[in-house]
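Letters A, B, ... mirror the listed sequences (proteins, then strands); counts begin at 1.
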Amino acid sequence: MEVVRLRVNGDERVCGVPAHYTLLETLRYGLGLTGSKQGCDKGDCGACTVIMDGRAILSCITPVWEAEGREVRTVEGLAEGTEPHPVQDEFDLNGAAQCGFCTPGILCSSVALLDRNPAPTREEIRAALAGNLCRCTGYAKIYDAVEAAATRLGGEVRGPEPDEPAPEATPVERVGA
Amino acid sequence: MLAEFGTDAMPIAGGTDLMPNMKHRLFTPAHVVALKGIRAMRGIEVVEGPGAGTGTRAPGTGTALRIGALETLADVAANPLVRHHFPGLAAAAGLVAGPQLRNMGTIGGNVCLDTRCTYYNQTRFWRSALGYCLKKDGTVCHVTGVGKKCVAAHSADTPPNLIALGANLTLAGPHGERVMDASDFFVTDGIWNTRRAPDEIVTGVTIPIARNRRSAYGKLRQRNSIDFPLLSVAVVGDFGETGTVKRLTGVVSALGARPRVLAGWSDLAVGGQLDGATIDALAARAHAQCRPLDNLIVDAEWRRAMVPVYVRRALEELTVS
Amino acid sequence: MSSRDAAGRVGARDVARRATGPDARETVRPGDALSTIGRPMRKVDGLAKATGRARYTDDIRLPGMLHGKILRSPHPHARILAIDTSRAEALEGVHAVVTGRDMPTRYGIIPWTPDEYPLCVDRVRYIGDGVAAVAAVDEDTAIAALDLIDVAYEELPAYLDPHEAIAADSGPYIHEPRKPGWNGNVTKVVNLEFGDVEAGLGDSHVVVEGDYFFEGTTHTPIEPHCAIGLAEGNGKLTVWSATQVPHYLHRELARVLEVDPAQVRVIQPPVGGAFGGKSEPFDLEFCVARLSMMTGRPVKILYTREEVFYSHRGRHPFHMRYRTGASRDGMLTSVDADIVMDGGAYASFGLVTTYYAGQLLTAPYRMPAYRFHSTRAYTNKPACGPKRGHGSVQPRFAFEVQLDRIAEKLDIDPIELRRRNFIGANTRTVNDLRITSNGFLECLDEVERASAWKRKHRRLPFGRGVGVAGSTYITGTNYPIYPNDMPQSGIQLQVDRSGRVAVFSGASEIGQGVDSMVAYIVAEELGVPLDHVRVLAGDTDFTPVDLGAYSSRVTFMLGNACIDAARKLKAQVQEAVAAEWGVKPREVLLAGGLAVRAGDTGTSMPVRDAFNLAESAVGTLGATGWYNTPKDVHGDYRGATIGASPAFSFTAHVAEVEVDVETGFVTVDRIWIAHDCGRALNPVLVAGQMEGSAYMGFAEALMEEQIFKSEDQGRVGLHNAPSLLDYRIPTSLDTPALESLIVESIDPEGPYGAKEAGEGPLHPSIPAIANAIYDAVGVRMDSLPFSPPRVWRALRSVGR
């Protein structure tokens, strides 16, 4: 076991993990931040994508000590308090998450993109997501969501029509989950 | 530390090659030595004087671009100096794997990338069901059907460009630093295909800058992202004022353990224009020199047939710049 | 009405069209009277998934949990002579080791073909077959323990090729023959003929013959299979699993582990993609249960990505031969099919697949005569099973290419040829399947218009082309997997005094949106805001049975069950309010969070008050609803029930491609997808299913192949590439632009007229791309996938 000190989503965290643990294993099994997913466990699918020092990286092939002294941001750290990040909200509005398993990684890639390039073209979005495999959507609705979020972040908020209240999300409970 | 632990230790920069290989138990070091803290291995800068261009095939002004080995592939691909002077290298760095991996993987790591083979880059269970292979834990090469020679493919995108550009590599080890032509760095042994000693690390690459030098890179793969090359082609040409070819180099890789510098190009190209007929002749000569094996899971005959196509397309890029 | 995108941006490219079918519309109320149904709404789990809060199976950690690993066979076919687990058991940190002999009961998802054990007992049948499992304090220890299990094998000859397996005339077969003298390498043979096929072919103006090969592919959900077992010591056994079929898992766990089913609880957390790959019990589910029963501790097993490839149950490789006859004016006369299916090591759903291979081809075109002969062989490879479009994607590929050939021979536009052969609505197919609503013509119109087909087909420059294909698919299989007369779907509603409505749903949310679908229905029927609906799902301890997320059955069956329950509840509320107001119950409307008197908006009360009135009148409010299929929708020949469905969806695609003649690369620029889903309950989700389906078909067309090494490639039966690096699924840079064109035929029996949307739209992708390649370069691609080397070889073979 090794003690690692991480800065995750703004929190200073200390955690004892086996020496061979990756950042992903530490997040998921050490810190209980299970939002980041494991799909292939060797850097081929992008489900484990997190943001480290502003860049999207693959946490499943990042040794945990590599993340020490860096700023790590996961899907759990994208929202501002109770306000979901516009990309998160637009994923919901646009049906960009079906099974949702690749979603945390795609959100991290998207947020890293928008932080560097607030007004990406569709081609730039495609390129930025080229390391995140999605098996459900065919990607189209994901592009729609990122574009809509970019528009919102640019100040030109495109909300629902004024006479039509936005349908609220309803919690689904899978008991025991 | 590398010297102290010997073969029990491996250097790690981005970890994008090492970590999957460790998970497959292809690498089982007791220790990994992190390089990330070494400041001297960072930076992309123009250097002048004797330190620049010691490469034997690097004539020119004595000006060169030095890229620290720890620079990420994303940074190399995006760097204005690299893009201006070496568009082929920038393209290659930008075509490695996917975006996240390019944010992690370094150019030094890419230069030192382990060779790849369908019988090698597999889990331990898979390899045990196979009965292992010559490169790791076994005695037979399943590609050639005999022992003794590993034909795993050199699969890194940047080295063919570095070789074609006449770059040199700086290595550091317990006995100090040495500089080596990129073209001398690789050997034909798929098990350990470089002249880097296990206790040495690549600290940087230095690429001579020349006027009127153009470069291009072509990468064959079935997906437009994530995949390693099934064939890679780097071409570099120096041109006179009237478009006359003064020097032309082509390097083909992802076929065998070592990038192949295409032979017999000068007599075809130097002194003339890079016109369609010349390009076809160069492509045909490339085709004759390349015979890929079934070391990757994709049709070797097709890969071979793609050699002249990709060489031609890369050369055509030189003519439009 | 044309645009369903009320939110402005959502589904902006979606075009919704009401099909002009004859009588369908009168049975349901007009769409504009609906407030929630038919609109783009958020998913009930959308934000949970977008914020990382959704908890998938591997996200669950129980106190004291052990980690399990499964030892797998390194041989494609071998007898197990002995297993010695003593060294593994002695390893510090190992709590239990289990082998096949501890669970010696055969199972199989189809009750007629039980040919698997949770772990192999005396024979292994593919590289990766499970042999033993350990539970240890952590994963590292479990992996180390696997190395300490000694298994003695006697290798047997392995079959890779289904034709060789079928030709075998003596053992050892892959399975024991069911009767002496039979070939134990054959799972199932089906021979069915409808009409006089030979006479039809004889009378044809043209007969096109073709051989086709569909390579195997696998589902590749991004979430690997995962299960947790918890035996509590009081006889109760709980299994959490990433499954599509909690009810079938429930039954098989009880039967195989010999536990009273009333003591078994299956919990299905959100599933990270399935596509048919999680629709039967797997070794890990039995192992976690058994290991927990042995240790008294919770045990988790998470498959590695490699194990997902070995567990497989994906698309069968099909070797197909078709003869298709047509008259001078392009009317089909007769169809003859011969199909050999490579099933892998176990039956899985293979009995059904063998029927589906023929049964599901008989629409949307009228066939006067049809015969198919399909044979499923066992081979020493991971078992094939149901992948999205189960059993009918492969024949559809071959058949739609055949149609393209006929169109060319007769010089008829391929879309026109398909129109002429349209089978119509409210009819029966040649094999006696009942067809109700049918919007196929509108689908053809839509893709023809949207793709500018008439300007493109046979008119684009060499190297570019367009292709069309059509298809149909079942909306749920008409019969449950085990014979019974109970409902296929049940649901339960419960109302709180706050106005909150709870939905207890046994259906499986696998990303398709079923939890949202039932919430939309409850909101629609009871007039409550969507955020007052809670969906409690996926737990066999308190939800009524739904058979599972397979065969595109859930929207239709669970949706109808949900309407049934909601309307029962609504009647109670209407009655109570009507009594209060002194009006007739049918004058009380529930909408927009209110109970309103029809025609008098001044008389209203919050729906919560209405619920309270009803509770005062009749007691605690709740209702159950259910759905079962009509039984008069098929013929009475042997096998007639397989392929029957209460409704069929219809699809047409046009694909536009560019072929790089030098390299063989095919770039699919765009696929126009027109799909008759009956009614789009939420057009965003329907379009998402259409796009995802078209993507997956595109992926099979160009890239994917689940293949195995041969003897001269190092090791017979070894998976060629069990990783997401080498089993290439498309990235964002590969996937074409996808344009969804929703067609609504309003099915008379579907919930609000809805039919399926999750599988049908996969089918035409593949033949549409094949036909587009032909339009582009004049080469017929009859073998999948159309990977660059294959296209390059095909082009070379014709001198390009």
Side-chain angles (χ1 to χ4, degrees), chain A residues 18 28-29 33-42 44-45 47 74-76 78-79 84 88-89 91-95 97-104 107 126-127 129-141 144 148 158 160-161 164 167-177, chain C residues 6-10 41-52 54-56 58-60 140 220-224 240 267-273 304-305 510-512 515 519 529-531 533-539 684-685 688 691-692 694-695 723-725 729 731-733 735 738:
Chain A
R28 286 181 57 75
Y29 308 129
L33 291 168
T34 53
S36 307
K37 302 303 182 203
Q38 175 189 312
C40 69
D41 200 29
K42 61 187 197 67
D44 300 330
C45 77
T74 71
V75 67
E76 291 96 339
L78 300 181
Q88 294 176 305
D89 199 40
F91 260 60
D92 187 15
L93 283 170
N94 286 277
Q98 287 186 23
C99 84
F101 205 77
C102 72
T103 305
L107 288 165
R126 286 180 82 192
L129 300 181
N132 292 89
L133 296 175
C134 170
R135 195 58 165 164
C136 293
T137 62
Y139 302 101
K141 301 236 174 295
D144 292 345
R158 285 194 299 173
E161 299 302 312
E164 192 175 36
E168 287 304 314
T170 306
V172 66
E173 292 170 35
R174 291 214 162 248
V175 174
Chain C
R9 64 192 166 275
V10 176
M41 306 294 277
R42 288 176 186 266
K43 283 170 75 175
V44 295
D45 51 357
L47 269 186
K49 284 179 172 173
T51 52
R55 293 227 289 160
Y56 299 79
D58 187 46
D59 300 340
I60 298 167
D140 292 342
T220 329
I222 306 298
E223 178 200 33
W240 289 256
I267 299 175
Q268 179 244 311
V271 172
T304 62
R305 178 52 59 179
I510 60 173
Q512 83 283 46
D515 287 350
L530 194 53
D531 63 352
V533 184
R534 305 282 186 280
V535 183
L536 296 109
D539 185 331
V684 176
L685 301 195
E691 290 159 11
Y695 146 89
S723 74
L724 291 180
L725 183 62
I729 68 175
T731 71
S732 56
L733 294 177
T735 304
L738 302 167

Report summary line: Max heavy-atom pairs within cutoff under 4.5 Å with chain C, candidates A/Q38, A/K42, A/K37, A/R126, goes to A/R126
Report task. Enter the distance from C/Q512:CD to A/C99:SG here, rounded to the nearest 0.5 Å. Result -> 10.5 Å
Requested in this report: State, yes or no, whether a side-chain contact exists between C/T304 and A/D41 at a heavy-atom distance under 4.5 Å.
Outcome: no
Query - Nearest heavy atoms of C/E691 and A/T137, plus distance in Å - result: CB-O, 3.6 Å
Query raised in the report: Should C/I510 and A/Q98 count as side-chain neighbours, where that means a heavy-atom distance under 4.5 Å?
Result: no
Query raised in the report: Is it the side chain or the backbone of A/T103 that comes within 4.5 Å of chain C heavy atoms, both, or neither?
Result: side chain
Report summary line: Cut-off 4.5 Å, heavy atoms of chain A, and the answer for C/D58 is both
Report summary line: Per-residue tally against chain C (heavy atom, under 4.5 Å) across A/L33, A/N132, A/V75 peaks at A/V75
Query - Selection from A/C136, A/A97, A/G35 maximising heavy-atom pairs under 4.5 Å formed with chain C - result: A/C136
Report task. Check whether A/D89 gets within reach of chain C through its side chain, its backbone, both or neither, counting any heavy atom under 4.5 Å. Result -> both
Query raised in the report: Considering only heavy atoms from C-beta outward, does the side chain of A/L93 approach that of C/R42 to under 4.5 Å?
Result: yes
**Report entry** Residue pair C/Y695 / A/R135: nearest heavy atoms and the distance that separates them
**Finding:** OH-NH1, 3.1 Å
Report summary line: From the list A/G131, A/A130, A/P104, the residue making the most non-hydrogen contacts under 4.5 Å with chain C is A/A130
Report summary line: One should read off an interatomic distance between A/D44 CG and C/L724 CG, to the nearest 0.5 angstrom, of 6.0 Å
Query raised in the report: Does any non-hydrogen side-chain atom of C/K49 lie less than 4.5 Å from one of A/L107?
Result: no
Report summary line: Applying a strict 4.5 Å limit to non-hydrogen atoms, the region of A/A79 in contact with chain C is neither
Report task. Report the option among C/P221, C/G273, C/A54, C/P224 that has the most heavy-atom pairs separated by less than 4.5 Å from atoms of chain A. Result -> C/P224
Query raised in the report: What heavy-atom pair brings A/C45 and C/I222 nearest, and what distance separates the two atoms?
Result: SG-CG2, 4.4 Å
Query raised in the report: Relative to chain C, which segment of A/Y139 carries a heavy atom at a distance below 4.5 Å: side chain, backbone, both, or neither?
Result: side chain
